[in-house]
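Read through the structure below, which is laid out as structure tokens, and then see the notes.
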Amino acid sequence: MARNITPKNQDYSQWYLDVIKASELADYAPVRGCMVIRPTGYALWESIQGHFDKGFKDTGHVNAYFPLLIPNSFLEKEAEHVEGFAPECAVVTHAGGEELEEPLIVRPTSETVIGHMYSKWVQSWRDLPILINQWCNVMRWEKRPRLFLRTSEFLWQEGHTAHATREEAMEETLRMLEVYRSIMCDILAIPVIAGEKSEGERFPGADNTYTCEAMMSDRKALQAGTSHFLGQNFAKAFDIKFQSQNLEVEYAWTTSWGVSTRLIGALIMTHSDDDGLILPPRVAPVKAVILPISTSDVTLNEKLLPMAREIEEKLNKVLGGKFVKVDTQFHMRPGERFFTHLQKGVPLRLELGEKELDESCLMAVRRDTSEKRALAIDALEVLVPQLLEDIQKNLFNRALKFREENTFSVSTLEEFRKIFENSGGFVRAYFAGGAEEEKAIKEIGGVTVRCFPLEDNSTGKCFFTGKEGARLAIFAKSY
RNA sequence: CGGGGCGUAGCGCAGUCUGGUUAGCGCACCUGCUUUGGGAGCAGGGGGUCGAAGGUUCGAAUCCUUUCGCCCCGACCA
């Protein structure tokens, strides 16, 4: 077992921080609440970005960039929006050695500037829809920061679209939710529940918010991504109007949706163990590492290393990228070399020593199960991709199983309390309350409505108010 | 923003109560030798003026004042 990582069941948050440190994903910055994303972490982010970016492009979106600084007055144009974001805004009051006439907000999100620009760009129904995404950083001042989960500055993607009709905008909102859901499940191997947010959890200024909720390995929920149906709220605040085909002047319907570097936190807390990070192969920047091992420098340099290079090249060709690396940390002893890759979450370790040389095979060790298996060198190009896919599936299924084992259906408040007093987890219950009732429930150890799952539109008797016709909701403590 | 704790080498700490040799230990790091299939052993070595400022004193990591920062627990959050 790793000796620099606190066991998960001893102290979960320390374990989380230790995993990040050991895997060299990130480090603390000099400014509280900010983090440095180290090369290993950034490579992971780039990989995540790549998959999502493709998902956006495939659904017709284009990338653009809007400015970091937003005039204070913009934020104030949408009442709920200001109220929601004002407490966490960082404000620039001085620049160029002078006090600014109007303070500038460091963007906490860009609905307002983008709304402003869209109003200039939209005149006719022919200008719609606008389907723009931007990759950027945002700032939301945090009182209690946690690496990747809640930092004052974080990296994310925000999609902003404007449509001619309500139906189209709603379709877009749900389409992007589905893009999120499928990438999280298929690529990040994180099982998520797609659902609608409750009144109390809605994005400030949205008519409706949809979310992908995941269960972390401590049974708490993590909101992994959100998609908002903004109605005409921002269109009215920023005057995004167009003339329709039947000559009427109408307000546009807008949406926005985002995922952030929080996904890295989700990956850590979904898959990793007491030995460190575990990454699903499809998102891992390094999918396999080849370790030439020998006590003899001659064997190492003249036989094993060239062979490892050859295998590296072959596998990279099959995998379609530089996903396989040769480990050349020869100043370390083998055990130490194993550990560095273990902690960094490399899905597959391929050991190449004298034994393997004689039998012309590689010893493959899976990160997810520690299972060892000799692979014939001739068959590597088939077996390695297979093994990687196996690991991918196993990680997803393992996480799904964990979530299911920790999801409980209840119909009374008493049962509800009992679960959160004991193990915790996800609770499924019919719920018909509003913001008031949500507040009351929050008194029960901070439990909140995570979402109303889209896949289940059954109705029943509310466990809290007793009203009939209540929707099915998922409750949990959350990050 | 309320409650608690802590700032001494890159990290983790001892020393502080009861001022007094050149400020110490473990890990990490560097060099050498022996090792090498799941975190090696031995030997040698480099690195800190003790968060900052001011004060008390012959003398301050240690006492006093001020200040900054961080961590943990609660209220707010992608």
Side-chain angles (χ1 to χ4, degrees), chain A residues 1-6 11 13-14 17-18 21-22 27-34 83-89 107-111 136-159 180 197 200-204 206 209 211-214 221-228 256-266 275-276 291-297 299-300 304 329-343 349-358 362-363 365 370 372 374 439 442-443 445-446 448 478-479:
Chain A
M1 186 186 290
R3 56 193 182 200
N4 55 346
I5 297 177
T6 306
D11 182 344
S13 25
Q14 194 55 50
L17 294 173
D18 289 347
K21 194 175 181 189
D27 205 346
Y28 290 102
V31 174
R32 178 186 156 79
C34 295
E83 203 186 319
F85 283 107
E88 34 189 321
C89 280
R107 66 177 162 225
T109 176
S110 304
E111 275 76 6
C136 67
N137 57 342
V138 287
M139 179 156 276
R140 299 181 186 178
W141 211 253
E142 287 295 342
K143 317 228 159 149
R144 275 190 74 183
R146 295 198 63 190
L147 291 178
F148 291 117
L149 299 176
R150 231 183 285 108
T151 46
S152 289
E153 181 190 10
F154 58 90
L155 304 184
W156 79 341
Q157 145 281 314
E158 46 180 326
Y180 286 168
K197 277 291 184 191
E201 300 279 324
R202 221 169 264 157
F203 176 79
T209 288
T211 178
C212 290
E213 295 286 326
L222 184 81
Q223 178 172 309
T226 46
S227 185
H228 313 292
S256 68
W257 26 275
V259 297
S260 72
T261 37
R262 175 179 264 193
L263 286 174
I264 294 176
D275 284 333
L291 290 102
I293 297 167
S294 174
T295 52
S296 150
D297 282 356
T299 314
L300 201 57
L304 298 179
Q329 306 175 95
F330 299 136
H331 61 286
M332 291 184 193
R333 295 158 56 82
E336 211 178 342
R337 291 166 67 195
F338 297 159
F339 269 89
T340 60
H341 303 293
L342 208 62
Q343 297 196 323
R349 198 170 70 233
L350 302 167
E351 301 174 13
L352 175 59
E354 278 157 57
K355 275 185 228 162
E356 286 78 16
L357 196 61
D358 290 344
L362 288 186
M363 185 57 74
V365 187
S370 306
K372 285 193 179 187
K439 254 190 185 164
K442 211 171 175 183
E443 299 294 316
T448 52
S478 77
Y479 278 99

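Protein chains get the first letters and strands the later ones, always in sequence-line order, with residue 1 at the start of each. In what follows, every heavy atom counts, from backbone to side chain, and hydrogens, waters and symmetry copies are set aside.
- Under the rule for a side chain to side chain contact (heavy atoms under 4.5 Å, CB included), A:Ser370 has no partner lying at least two apart in sequence or in another chain.
- In terms of the salt bridge (Lys or Arg N to Asp or Glu O under 4.0 Å) criterion, A:Glu153 has no residue partners (sequence neighbours excluded).
- One atom, CZ of A:Arg349, and another, C1' of B:G39, lie 12 Å apart when rounded to the nearest Å.
- The neighbour count for A:Glu83 CD, taken as heavy atoms of other residues, nucleotides or ligands under 6.0 Å away, does not exceed 12.
- Under the rule for a ring pair (Phe, Tyr, Trp, His ring centres under 6.0 Å), the partners of A:Tyr180 that lie at least two apart in sequence or sit in another chain are A:Phe52.
- Every residue meeting the salt bridge (Lys or Arg N to Asp or Glu O under 4.0 Å) condition with A:Arg349, not counting sequence neighbours, appears here in chain and number order: A:Glu351.
- B:A23 and B:G15 have their C1' atoms separated by 8 Å, given to the nearest Å.
- With sequence neighbours left out, the side chain to side chain contact (heavy atoms under 4.5 Å, CB included) criterion links A:Leu155 to A:Ile37, A:Tyr42, A:Trp45, A:Asn137, A:Thr261.
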**OP:** Summarise protein proximity over nucleotides 67-78 of chain B in one line of letters, 5' to 3': B for base, S for sugar-phosphate only, - for none, counting protein heavy atoms closer than 4.0 Å.
**Re:** ---SS-SBBSBB

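- When the ring pair (Phe, Tyr, Trp, His ring centres under 6.0 Å) test is applied to A:Phe338, no partner is found at least two apart in sequence or on another chain.
- A:Glu336 is linked by a side chain to side chain contact (heavy atoms under 4.5 Å, CB included) to A:Met332, counting only residues two or more places apart in sequence or in another chain.
- Taking the P atom of each, B:A14 and B:C25 are spaced 16 Å apart, rounded to whole Å.
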Original post:
Could you run down nucleotides 5-11 of chain B 5' to 3' and tag each one B, S or - for protein heavy-atom contact under 4.0 Å?
Top reply: -------

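- A:Arg262 is linked by a salt bridge (Lys or Arg N to Asp or Glu O under 4.0 Å) to nothing, counting only residues two or more places apart in sequence or in another chain.
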Every protein N/O within reach of nucleotides 32-37 of chain B N/O, cut-off under 3.5 Å:
unit_1	atom_1	unit_2	atom_2	d
B:U35	O2	A:Arg333	NH1	2.9
B:U36	O4'	A:Arg333	NH1	3.4
B:G37	O6	A:Glu354	N	2.6
B:G37	O6	A:Lys355	N	3.1
B:G37	O6	A:Glu356	OE1	3.2
B:G37	N1	A:Glu356	OE1	2.7
B:G37	N1	A:Glu356	OE2	3.3
B:G37	N2	A:Glu351	OE1	2.8
B:G37	N2	A:Glu356	OE2	3.1

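- In terms of the salt bridge (Lys or Arg N to Asp or Glu O under 4.0 Å) criterion, residue partners of A:Lys197 (sequence neighbours excluded) are, by chain and number, A:Glu213.
- Between the CD atom of A:Gln343 and the P atom of B:A28 there is a distance of 13 Å, given to the nearest Å.
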